[in-house]
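Written below as structure tokens is the structure these notes are about.
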Amino acid sequence: MTENIHSAPQNIYKPAIMKIVARHDEAPGVRTMRLEFQDPAEHEQFKETFRTGMFGLYGIYGEGESTFCVASPETRKEYIECTFRQSGRVTSALASADVGDLVTFRGPYGNRFPIEDFYGKNLLFIAGGIALPPTRSVIWSCLDQREKFGKVTIVYGARTVADLVYKHELEEWQKRDDVDLVLAVDPGGESPDWKHRVGFVPTVLEEAAPSAENCVAVLCGPPIMIKFTLNSLKKLGFEESNVYTTLENRMKCGLGKCGRCNVGSVYVCKEGPVFTAAEVALMPQADL
Amino acid sequence: MSKIGVFICHCGENIAAKVDCTRVAEVLGDHPGVGASVEYKYFCSDPGQESVKRAIRENNLTGVVVAACSPRMHEATFRKACAEAGLNPYMCEIANIREQCSWVHNDGEQATDKAIDIIRSMVEKVKRNNMLQPIEVPVTRRALVIGGGIAGIQAALDIANAGQEVVLVEREPSLGGHMAQLSETFPTLDCSQCIMTPRMVEASQHPKIRLLTYAEVEHVDGYIGNFKVKVRMKARYVNKDTCTGCGECITKCPQKKLSSEFDCGIGKRTAIYTPFAQAVPNKPVIDKDNCTYFKNGKCKVCVKSCPLDCIDFEMQDEFIDLEIGAIVVATGFQVQNNAVYGEYGYGKYADVINGLQFERLASASGPTSGKILRPSDGKEPENIVFIQCAGSRDPSKGVKYCSKICCMYTAKHAMLYAHKVHGGKSNIFYMDIRAAGKGYDEFTRRAIEEDEAGYVRGRVSKVWQENGKLMVRGADTLLGRPVEVAADMVVLATAMVPQPDAKDFAKVVGIGYDEYGFFNEAHLKLRPVESSTAGIYLAGACQSPKDIPDSVAQASASASKVLALFSKEKLEREPVIAVNNEATCAGCWGCVLACPYNAIEKKDILDRSGKVIKRVASVNPGLCQGCGTCVTFCRSNSIDLAGFTEKQIFAEVMGL
Amino acid sequence: MSIEQQYRTRAKELLSSGEVKMVIGYSKGSTPDRRRPAFISTPEDVETLVLDGACIANLSGYLVTEGLLSDEKRVAVFLRPEGIRAINILAAEFQLNAAQVEILGFNTEGNEPTALSGSKVDDFAELIGTLKGIIPDTAGEELYKKLEAMSPQERFDFWQSEFSKCIKCYACRQACPMCYCRRCIVDNNQPQWVNTSSHTLGNFEWNIVRAFHLSGRCVECGNCDRACPVNIPLRLINRKMAGEVLEAFDHFAGSSQTQEPVMASFKKDDTETFIL
Amino acid sequence: MTKILYTDKLDNCVERWRSAGLSVIGPVRNANITAYRPVGSAADLELSQILPDRSIKELFFPQTEPMMRYSIKKDAINTEECLPPVGPRIIFGARPCDASGLAIDDPLFGWDYKDEYWFNRRNETVIVSIACTKSDEFCMCTSLKLSPDSTKGSDVLLRPLESGKGWQVEELTDRGREAFKAIAELLTEGAEAAAPTAVVAEKFDADACSEWLRNPENFESRFWKEISVRCIGCGSCTYLCPTCHCFDIQDEGDTFTGIRRKNWDSCSFALFTMHTSGHNPRSTQSARWRQRIMHKFNYFPGKFSANSCSGCGRCTRQCPVDMGITETLQEISKLSQ
């Protein structure tokens, strides 16, 4: 686990005001927003502290705050990008916010992906559905300094073609010859012109069979996908300590106080959200 | 955030005289989420509507609030304008700053502040509006008319003559209703049967009308355009397809002393009978309760007498299922049982009769062939006392309302009596004479002036028998003295009341009724022929006491409503309906009980293996009228009303 | 044989014969004057059952625990008359099938429990009939009378002061057998009708909404009152509502398992002039 | 010789403290309940109850408190912070278990990020505890290595005199000494004996319990289901607990102005951990009760080196179904043997 890097504002619960400068609909109910700080000091603080893997609490006054990752990489700190699915009270309010509107952001909180430790290694990114955003932050952090890494493979699956997020970036990665992109949709989710794979992520991963040799895997997805994908990774020879994933629990404070994100003795908000598969294995599985 | 356009209408001076529209527009312009805020003299005018449309297009508005008059006036206008500009019409709302603001306030400043509040709260609502789509309901173009009296016949004929199918259900063995019982009708004194019979025949022979007599509506399901109706065909014990109506069986029936319903008990009938000579269909039924064969297992005289072998004692009630698009309820009325007036001696003295019985006495086809004879001894009465308001306008023993027709028919009775019994003397005790109607007042004047009906203003306190005479004691309130009249016959102008089973029937059909059991119209003034349930209309005295012209007029009005409904293949309905959140529904069925339209059903949620894991409420969008009763009842807060969601209402309140 | 022994024997029979899969009763508590709910599913364990004057909690709420009755097996439960009425309401509101409930009925006069005869909910119809309109016990009775005598303003002040203690834990709701909703109105945050904060407004909102939701449904078992960690006399609000409903609609909550909820049912002779 | 504060001087003390700018708080009985509340005079104090019904926690971490006020304009959002009302205060007559509870939570509110709502109040408050001479069957401080005269979390500890006429004064911290300077003249030097402290029997072996809880195998033990079957999830144990610190953040207001509030929340509530997706990591009441016990006696001590329980016993005392920490830990003690 890496050290916590945190800001120390006067009031730890006071959010920064952000302006929506762009928004993009990724999939039905899923939206990406690009936010810019209004207060230069707050922006400076963010630049100093933000590292890939950290999360924030995005909010609208009157509705509350909701936790999700910073989907933009640590190599691009001029703005914050976040991607969320409209489901609850806060995300519904965020979804109705338009370019030019103001929202709030509190963070960045939590730990980070130890990207320096990945230098010189091959990278395997695996994501399912709406869980591409945290992975994307790592992907861009690495692609923005591509020369420091070996082979880069991205395996991304979604339920249907429509559910794939970051479609424009997928295209971009597809075109790059220094990235190996494997796309898949669940059986029945393909469109007539779908040229990629059909199948569930674990199966597709095994078919694509990237080598575990000198390779770090970053895995994000719904709990059930993670469970099966970990098995597949094991089959492919990955050590649990070389597999990184993120946990996303309900949070209110993000600061290790409010008491609801704990899994066993772990405060996901402070000691996570990034964990190795080895660390996750030590947690009480029933509480995940 | 949304871009809401706010359009503040001056309504000429109606609004602008009190509300500072310029200030309102400025304040609203600064309201978060408002994309345009403008004022104009008349937004409902063509240029006004055009400017709304233009603003929607130019500013990419996501919603519209028109601050103007009541939504009753122009909601439809502006929703249409929005639709024409490419905006979902349900993203448009009206903020009423006229009836609810400028018209009711004196202080301009306060009115302006209030207008701002009203509009702001509506802006907050519109921000949370959803793009609703109208609900399309297919329409079965077949009408059901319940009740074969004059109202039902008229409605059926009007619909059928316009080319639409009609099923006409009558629970008695024959069409006709009360009008067939009447002698002459006011104010023209033409013979009721003479004008009624042709209509009955026309209805029975109309190719578009399916006539079901001796039949009752058992069950009504479904909703406007799509009712499913079950009709019970009561066993007639006579095969009506083969029966020619020759009447042999009736002549031969040994059971001859049964009281005739049609003659209101003053005539007799047999056990196998047709209610009256001109009955349509003119085919008998067997009164099972009084038939010797059914009682003793012996007789079968009718079987022997029938040349065509039509009698079938084994016959059972049958059920017919009908698909119906619209229903006209014309179930009529009854007369109150005057036994409640013990002091008038009704039921105790044979010669105290009610108005309907008098009609039968006066009717040429009645038991006395139109002669006015005392039921007790068949003598011609020399003196008759008519007592008006025998039940009506009497909250203590009778009903609170006015039965509307009694003043007129009592005048008519006095007139008929004068014409038939020369020298007969009539006294009419009345409270006041209500003769509003075409030719009505002239008619009562005629009774008084030409036919010398003796009108006494006052109430009768007691009727008793003395020396073969009925002694009537009352008061003449104009002269301020008690009156006592010795009469040979007393006729009570009995109150019109709903059918005794009207409330149960209303439950079957799913319509509302008032405290008496008269069916409720959707709006007393503006929707007088519609029931509270869409697709069900009312005609005749089942809604309130009515005379023949009123009944016929309402029947035709109902028919026009039905025909309007049938003018389209599909019905577009407001999508303002209840929606249940199945995830949080506790399945207590409170909503099912609370729903006045039977629009909520129980639905099973199954797991993959088909096992019921949960039962929840489910709203039928065709039936739901969007009244919101279920929403208020739902304890777990699971039901919401589209167009008026709790989120919207909450925002509206919080925006104030 | 004491009633306790009698019911232990009965419970043993029911479990041994497989007639019920579980007996919900009382066992010894952490102090001599406390009894705690006990869930017995083997005949051997019936000896831990206790029945005495300290057994006052209404156990009917446990019957609607998710999944308990879904296997269509039967469960026996110790119930006082209020508890039996609660079964009627739960059945009338389709939360359970009363046929699955074997009732071990008892009442407490003074400190000694007496057995109530009957085992199915309908067996107690007559008993329930006799309870109609009778104030069940004297708990809080004095205060109730005092409240009744107060002016509206005084009463408002009284409740304001009581509600000011509320800490919004919703223990009253959790303890109430009638609060079975999967999602309580206060847990609906879209919109958040009722504030979760324990300030005057939020406290009033909650307690009054609850009183309305229980009108015509509360059996006055006192579970809420006992559960309240800050001793708000919650039972009195519900007693008031029960009295109003009895007077206005002749409705005695839990009279039968076909009783319609008073606020959602129309009688045929009700006028319907309020529906347009 | 020790310093003694006689009861009859208490009114003067209250006066003195007040003139020294301290607001005085103590156990007060009102509307059928005893809670720590502002004291008008010494007569308001209810010191005879074993312990106040409500814990001391709410003076530092109230059920609801504003964090900020916001107002939304067309192109701007204004946030106005609401820091807790600052002002020195003295709590007279805290129970040692309550005072310890505060000390237990200090590290939680202070790790990495300092929660000012807690610490501003902590720093401004002098806590004068009174050792217990009475206890009831629910008290369990001794099982948690605390005692009826524990000094943990207190600035001053008072020991009741045998005569019942006052207290021996034991000043523990500078803050306590400072506060007692203001009433120095009202104290007497004396040798009067203190009443014996209450006897609180040890009910369970907390160490053995923690050990059992640390064993991952026991996480899935059937025990959790059995012990919590009657739990109705009402959460009053957590709301009365002096150490339970879970909270929620809620916005309240009309459309454009409002208050963001910090409100108590409870791990006993089903919705506490519910994800928006509907997935709930702790979906059963037994999982929630396990979390509560695990958190207090395994996770929390692992992080902050003390059990998150000061043994006040309120959880059991109030539980509508007669459950509580004592019973659970007693059972665990048995299992761990």
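Please read all numbers here as calculations on a predicted model, not as lab measurements. A, B, ... follow the sequence lines: proteins, then strands. Residue 1 opens every chain.
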Side-chain donor-acceptor contacts of residues 646-656 of chain B below 3.5 Å, not counting sequence neighbours, with atom names and distances?
unit_1	atom_1	unit_2	atom_2	d
B/Glu646	OE1	B/Asn637	ND2	3.1
B/Glu646	OE1	C/Trp193	NE1	2.2
B/Glu646	OE2	B/Asn637	ND2	2.9
B/Lys647	NZ	C/Gln190	OE1	3.0
B/Gln648	OE1	B/Phe644	N	3.2
B/Gln648	OE1	B/Thr645	N	2.7
B/Gln648	OE1	B/Thr645	OG1	3.0
B/Gln648	NE2	B/Asn129	OD1	2.2

Side chain, backbone, both or neither: which part of [X] has an atom under 4.5 Å from a heavy atom of chain C?
{"X": "B/Lys614", "value": "side chain"}
{"X": "B/Asp640", "value": "neither"}
{"X": "B/Ala506", "value": "neither"}

Heavy atoms of other groups near [X] [atom1], more than 12 under 6.0 Å:
{"X": "B/Lys602", "atom1": "NZ", "result": "yes"}
{"X": "C/Lys165", "atom1": "NZ", "result": "yes"}
{"X": "B/Lys397", "atom1": "NZ", "result": "yes"}

**OP:** With a 4.5 Å heavy-atom cut-off (strictly below), which parts of residues 208-218 of chain C touch chain B? List them by number.
**Re:**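 Only C/His213, C/Arg217 of residues 208-218 of chain C have a heavy atom under 4.5 Å from chain B.
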Quick check for you: to the nearest 0.5 Å, what is the distance between [X] atom [atom1] and [Y] atom [atom2]?
{"X": "B/Trp589", "Y": "C/Glu260", "atom1": "CH2", "atom2": "CD", "value": "15.0 Å"}
{"X": "B/Cys588", "Y": "C/Leu90", "atom1": "SG", "atom2": "CG", "value": "11.0 Å"}
{"X": "B/Thr584", "Y": "C/Asp187", "atom1": "OG1", "atom2": "CG", "value": "10.5 Å"}

Distance-minimising heavy-atom pair for [X] and [Y]:
{"X": "C/Arg182", "Y": "B/Cys585", "result": "NH1-O, 3.1 Å"}
{"X": "B/Gly587", "Y": "C/Phe94", "result": "O-CB, 3.7 Å"}
{"X": "B/Phe633", "Y": "C/Pro261", "result": "CZ-CB, 4.1 Å"}
{"X": "B/Ser636", "Y": "C/Cys181", "result": "CB-SG, 3.3 Å"}

Original post:
Going through the distances and angles, do B/Arg635 and C/Tyr180 end up as a side chain to side chain contact (heavy atoms under 4.5 Å, CB included)?
Top reply: CA-CA 10 Å; B/Arg635 280 185 292 267; C/Tyr180 50 70; 3.3 Å; yes
